[in-house]
Amino acid sequence: MNVTSDSLAQTQRERADLRTDTRFRWLVTAAGMVVLIALTAAALSMLWGGRAAFHKFGLAFFWTEQWDAVQQQFGALVPIYGTVVTSAIAMLIAVPVSFGIAFFLTEIAPRWLRAPIGAAIELLAGIPSIIYGMWGLFVLAPLLGEHVFPWVDEHLGQLPGIGVLFSGPPLGLGMGTAGLVLAIMVIPFVSSVMREVFLTVPGPLKESASALGATRWEVVWDVVLPYTRSAVIGGIFLGLGRALGETMAVTFVLGNAHALTFSLLEPGNSIAATIANEFTEADSKMYLSALIALGFVLFMLTFVVLTLARLMLRRLNRQEGH
């Protein structure tokens, strides 16, 4: 009798556990599907909102330079170019600086100094972007325009080939300034990821390399980076996605000029800045549709970048045998 009761109770517990596990599985599946639904809905809504611009201009919308609200002629080339250039400048500055910060905090800094610097990095990550924009407009732009850009124009602007990148009026506002502000914003995110993944490297692995005569640089370059390569690349692309979509900080210091220029000292424009500046001024359906189409372009640009990052990480994992 007791055996039968125990078997019945065990069966009931197993059924209850199975029902609970099933409900949990459906719950987490629904949570995951919410992300896909929201992503798809956002893309389709922007595509639908920009359908008038895409229908009128077709694929030429992506490589047309003109942006004339009066003549109802719109093209996304200048905002796309400004977005890509400022993000590239930001990453060229942020990646080596972030690597240096992570290297210092994990390998060189004394323990009493690691906590304050780590807290400062987290504080920088929490500052609103509009604060960075105001600081860039009122402090950084005048400083660059008076003391840095004149020297850059005089000495680097005359160089053959690359001189076109550094020549122009030292206004202080421009793609170079926007890229620098973006770099300062991105550094906390990238350096935090690098620091955390560097800390996951087993101590005996680094100690073994040091025992064989490797310097600190060799330990980091030959042991730490190969061990954390996938995570480091993921952190870099995470920062790049942050830079591509930044709005207010870039809007303050980019200059917001619809002109295609190769000079980093001259004003330009970005997709996010164009939408932020002109959305309230869209006085026609075509103007509004062009701005929404720009939003779809930014969405696709970010999606492509992050997809490439995932493919690269997957390839690295296969090469590492994961």
Between the main-chain N or O of Ala273 and the side-chain N or O of Ser270, is there a donor-acceptor pair closer than 3.5 Å? yes
Of the non-hydrogen atoms in Arg114 and Leu105, which two are nearest, and what is the gap between them?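 Nearest heavy atoms, Arg114 then Leu105: NE-O, 3.0 Å.
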So do Lys206 and Arg216 actually touch side chain to side chain, heavy atoms under 4.5 Å?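 Answer no - side chains too far apart.
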Counting distance only, does the side-chain N/O of Ser87 pair as donor-acceptor with the main-chain N or O of Val84 below 3.5 Å? no
For Ser289 and Lys285, indicate whether the former's side chain and the latter's backbone hold a donor-acceptor pair under 3.5 Å. no
Hey, can you tell me if Phe62 and Phe54 have their rings parallel, tilted or perpendicular (30° and 60° cut-offs)?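 Phe62 and Phe54: parallel rings.
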Verify, without hydrogens or angle tests, whether Thr200 (side chain) and Val197 (backbone) share a donor-acceptor contact under 3.5 angstrom. yes
Would Arg51 pass as a cation-pi partner of Trp48, given that its NZ or CZ must be under 6.0 Å from the six-membered ring centre and within 45 degrees of the axis?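 Yes, a cation-pi geometry holds between Arg51 and Trp48.
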Between CZ on residue Phe99 and CD1 on residue Ile187, distance to nearest 0.5 Å: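 Between Phe99 CZ and Ile187 CD1, I get 14.5 Å after rounding to 0.5 Å.
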Interatomic spacing from CD1 in Ile184 to CG in Leu124 - rounded to 0.5 Å: 9.0 Å
Treating Ser263 as the side-chain partner and Leu265 as the backbone partner, does any N or O pair qualify as donor plus acceptor under 3.5 Å? yes
Show me the pairs that pass side-chain hydrogen bond (donor to acceptor under 3.5 Å, both in side chains) and involve residues 124-136, at least two apart or across chains. Ser129-Glu246
How far does CG of Leu298 sit from OG1 of Thr83, to the nearest 0.5 angstrom? 6.5 Å
Rounded to the nearest 0.5 Å, what's the gap from OH on Tyr227 to CZ on Phe198? Could you check?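 Tyr227 OH to Phe198 CZ: 13.0 Å, rounded to 0.5 Å.
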Any idea how Tyr287 and Phe74 line up, ring-wise: parallel (<30°), tilted (30 to 60°), or perpendicular (>60°)? parallel
To the nearest 0.5 Å, atom CG of Leu18 lies from atom CZ of Arg25 at 7.5 Å
Contacts satisfying side-chain hydrogen bond (donor to acceptor under 3.5 Å, both in side chains) that involve residues 247-262 (not counting sequence neighbours) are Asn256-Asn277, His258-Asn269, His258-Glu278, Thr261-Glu266
Find out if a path of hydrophobic residues (ILVMFWY) with successive side-chain heavy-atom gaps under 4.5 Å connects Phe24 to Trp26.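 Phe24 does not cluster with Trp26.
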How long is the span from the OG1 atom in Thr86 to the OH atom in Tyr81, to the nearest 0.5 Å? 10.0 Å
